[in-house]
Every structure is written in structure tokens, then in C-alpha cells.
Amino acid sequence: MTTSTLVTPAEHPFAQFVRILGKGKRGARGLTREEAREAMGMLLDGKAEEVQLGAFLMLLRHKEESAEELAGFTEAVRERLPATGIPLDLDWPSYAGKKRHLPWYLLAAKALAASGVRILLHGGGAHTAGRLYTEQLLELLEIPCCTNWDEVAKALDQSHIAFIPLGAWMPRLQHMIDLRNTLGLRSPIHSLARVLNPLGARCVLQSIFHPGYQATHRDASVLLGDHAIVIKGDGGEIEVNPDADTHLFGATAGQAWDEEWPALSAQRHVKPASLDLAQLAAVWRGEAQDAYGQLAVRATMALALRGLGLEREAAFARAGALWEQRLG
């Protein structure tokens with residue numbers, strides 16, 4: 001036999017944030033930047049119940065996160081990161097995976113690194129079936145996979161490129177991403193991971209596939225004072241689609257800017273029937289040609305160089321030269 005309690009239990013401290021987001025059509029609102037920072041801090045510190053985490057993530061997903069919320073969440077993450085002092089040119093988040101085309105962006109990153117550009121790739125694992133993720137190609141393309149910031153520093157000094165999984169430096173965020181198959185939907189953490197810039201790189205490259213979110217991410221970078229370029233990359237990865245126009249959403253010194261890049265191909269290329277990883281490696285070694293892939297590589301390299309200060313035409317010229325020089 002159960003008895004009812006006559007003492008009203010105290011409300012959990014995190015409940016206020018669930019209530020803010022979920023209090024009906026008229027009562028609900030978004031979080032302020034300060035509220036977002038506090039809420040994410042509690043989640044990262046393990047001060048919320050698992051049921052609260054699920055409710056919070058799905059309410060945010062339904063509402064769609066704001067620039068202020070993304071900025072506040074990012075500040076909470078950065079407050080919990082060590083000051084490594086590792087110099088970095090490009091922060092290159094890779095969380096989407098590819099399914100229509102090979103991950104040509106990895107060849108772009110490798111060619112830039114071969115020229116001395118210091119690049120940090122980070123990702124959240126193979127969380128969605130049917131996609132090819134960066135983590136699955138590191139060994140094939142000889143990109144160092146690191147488990148801590150000391151290893152990252154050594155890899156960047158030796159190879160100018162490194163990959164570190166999100167779980168190695170912010171495991172609570174990785175746990176939130178891993179809830180994707182439990183909750184049935186991606187959470188805002190998939191978007192947040194692209195903004196984090198854990199080492200304070202000179203430029204943050206971001207790819208957001210869904211329309212409307214690109215400007216929100218750019219505005220978050222403006223609030224954070226980061227230098228960033230956001231695009232709708234192929235499949236959600238930082239890869240310029242040469243068959244389509246590309247809009248650059250930029251943030252520099254607290255100011256927003258925009259730039260349009262026209263398609264590089266007059267006709268759309270035929271999507272490959274399957275993704276042949278051997279083709280990716282063969283193109284890198286100069287043993288094979290791929291019309292779509294090589295355009296995508298050059299345009300993605302140009303995007304990165306644009307982020308590092310070159311104007312579009314100069315960035316494309318430099319990208320072409322660096323691609324030819326990649327094998328020494």
C-alpha cells in the first residue's frame with residue numbers, strides 16, 4: 001500500500017529552464033543568453049536529471065534554437081575547457097557525414113595542411129545510419145586521431161592537421177548527441193558543436209544544411225566575437241557543392257557580412273551509384289581524376305582561404321596552386 005506525501009517536494013533547480021521553453025503556446029519563450037549559459041553549465045556539470053535533459057533538448061529542437069541561446073551554450077562549454085595555448089588557423093567541425101558524394105572536404109583539408117595551415121577537425125561519431133563519417137576515414141587518409149589536447153598539439157606541429165572526437169574533450173555533449181536514436185530526432189547539440197571553436201582558431205568554418213539556420217549560426221558567432229564563415233555545405237559537411245551557388249554568411253570582428261559564390265559547373269554532375277573510398281585515395285595520390293570531386297576540393301580550399309583573409313579570386317588561385325603542390 002502506498003501513501004501520499006503531505007510535504008510538497010522542492011522543485012529541481014533545472015526545472016525552471018524546462019518551464020521557460022515548454023509553458024504552452026502563450027507562456028513559453030526562448031532562453032536569454034545568460035539563461036542558456038546557466039542551463040548548459042548545469043547539464044555539463046551533471047546537475048540535471050536525464051528526463052530533464054531529454055525534455056530540454058526536444059523542446060529546444062521544436063522551438064529551434066536562437067543565436068543568443070547558441071552563444072550562451074557555447075560560453076558554458078568554453079568556460080569548462082582548459083587554456084591550451086595551441087595556435088590554430090581553422091576550426092573544422094565535422095558532424096554530419098556524407099551519403100550522396102564522397103567526403104572531398106577531407107582532401108581539401110589535407111592539401112591545406114600540407115601547405116602549413118593548422119587545422120583541427122572534430123566530430124561526434126557515426127550517429128546516423130547510411131552516412132560516411134570523417135572518423136571512418138582517418139586511417140585511410142593518414143589524418144592523426146587524437147585522444148587529448150597534448151596529442152593534438154603534437155599532431156598539429158608535425159602534420160598541421162589533427163582530429164579529436166567530441167567525447168575526448170566534452171563527453172557530456174557527446175552523450176547528448178548519442179541520444180539521437182533514443183529520442184528519434186537530432187538535438188540542437190548537433191548544431192551547437194559547429195560553433196564551439198574549442199581552441200579559439202583564427203577562423204571557424206561551419207556547415208549548416210537546413211535553410212534558415214545559417215544566419216542564426218553566423219549571428220551566434222557575431223555575438224561570440226569569432227571570425228566565422230557559415231555555408232550550406234554538401235550533406236551538412238564543410239564542402240562547397242560546385243554544382244550550386246554558395247552563399248557565405250560571414251562574421252568578422254562582431255560584424256555580419258554576406259557573399260555569393262556562383263556555381264562552378266554549368267551542368268550538374270551525375271551522383272555516383274556508390275561511394276568508393278579507393279577513388280578518394282586515388283585522386284589524392286594523383287592516380288585518378290574526378291570532375292566533381294576536384295571542383296569540390298578546390299572550392300572548399302578556396303572557402304577556407306577566404307576565411308583566412310584572401311578575396312575570392314585570390315583564394316581560388318591559391319587553392320589551385322596548393323592542390324598541385326600537395327604531393328611535393
Side-chain angles (χ1 to χ4, degrees), residues 84-94 102-123 134 137-146 151-164 197-207 226-231 233-234 237-242 246 248 250 252 259 261 264 279-328:
T84 64
I86 300 172
L88 189 67
D89 295 311
L90 293 172
D91 184 74
W92 197 304
S94 178
L102 285 165
W104 297 108
Y105 61 91
L106 289 173
L107 299 195
K110 273 180 65 72
L112 288 165
S115 75
V117 177
R118 293 167 64 93
I119 300 171
L120 178 69
L121 294 150
H122 50 94
T134 291
L137 294 156
L138 298 175
E139 185 175 354
L140 174 70
L141 297 177
E142 299 180 329
I143 295 173
C145 185
C146 304
E151 291 181 9
V152 166
K154 292 175 183 176
L156 289 173
D157 287 342
Q158 293 171 358
S159 308
H160 305 129
I161 189 169
F163 178 91
I164 187 168
N197 188 17
L199 295 182
R202 290 172 55 198
C203 178
V204 190
L205 298 178
Q206 300 177 42
S207 170
D226 282 359
H227 175 46
I229 296 180
V230 186
I231 64 166
D234 184 69
E237 290 287 354
I238 299 163
E239 180 178 301
V240 177
N241 180 352
T246 298
L248 278 60
T252 303
E259 194 167 295
W261 284 15
L264 298 179
Q279 174 76 353
L280 195 71
V283 169
W284 172 257
R285 295 191 300 265
E287 298 168 358
Q289 300 290 316
D290 188 293
Y292 176 94
Q294 284 164 264
L295 284 175
V297 168
R298 184 175 173 225
T300 302
M301 291 176 68
L303 175 76
L305 293 167
R306 179 74 182 89
L308 294 177
L310 295 182
E311 295 299 325
R312 181 182 178 277
E313 288 189 12
F316 269 92
R318 179 69 173 153
L322 293 181
W323 175 249
E324 295 301 322
Q325 295 168 14
R326 71 192 185 282
L327 300 177

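Taking every heavy atom of both residues into account, C146 and E151 meet most closely at CA-OE1, 3.4 Å. In plain terms, the two heavy atoms of P198 and H122 that are nearest each other are CD-NE2, 4.0 Å. In terms of heavy atoms, A319 sits closest to A302 at CB-N, 3.8 Å. Here the shortest heavy-atom pairing between W92 and A108 reads CH2-CB, 4.5 Å. Annotation for D91 and N197: closest pair CB-OD1, 3.5 Å, computed over non-hydrogen atoms. Closest approach of A153 to I86, counting heavy atoms only: CB-CD1, 3.9 Å.
Once rounded to the nearest 0.5 Å, the distance linking CD of Q206 with CD1 of I229 reads 10.5 Å. The CZ atom of R298 sits 13.5 Å away from atom CZ of R318, with the distance rounded to the nearest 0.5 Å. We find the CG-CG distance between L199 and L90 to be 12.0 Å, quoted to the nearest 0.5 Å. With rounding to the nearest 0.5 Å, the separation of CZ in R285 from CG in L107 is 11.0 Å. Distance CD1/I161 to CG/L121: 5.0 Å, rounded to 0.5 Å. Annotation: the span from L141 atom CG to K110 atom NZ amounts to 6.0 Å, rounded to 0.5 Å.
Shown here is E259, whose CD atom has more than 12 heavy atoms of other residues, nucleotides or ligands within 6.0 Å. In E139, the CD atom is not crowded: 12 or fewer heavy atoms of neighbouring residues, nucleotides or ligands sit closer than 6.0 Å. Around CZ of R312, the count of heavy atoms belonging to other residues, nucleotides or ligands within 6.0 Å exceeds 12.
A 4.5 Å side-chain heavy-atom check between S207 and D234 finds every atom pair outside the cut-off. W104 is listed as a side-chain neighbour of V283, based on a closest heavy-atom distance under 4.5 Å. Counting heavy atoms from C-beta on, the side chains of L264 and Y292 never come closer than 4.5 Å. No side-chain heavy atom of L205 sits less than 4.5 Å from a side-chain heavy atom of I231.
In this structure, R326 contributes its side chain and W323 its backbone to a donor-acceptor pair below 3.5 Å. Side chain of E239 to main chain of Y105: a donor-acceptor pair is present (N/O by atom type, distance under 3.5 Å, no hydrogens or angles). When atom types are taken as modelled, the side chain of H227 and the backbone of G307 share a donor-acceptor pair closer than 3.5 angstrom. Side-chain atoms of R118 come within 3.5 Å of backbone atoms of P87 as a donor-acceptor pair (strictly under, hydrogens ignored).
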Subject >> Intermediate values then yes/no, side chain to side chain contact (heavy atoms under 4.5 Å, CB included), F163 and I119 >> reply: CA-CA 9 Å; F163 178 91; I119 300 171; over 6 Å; no
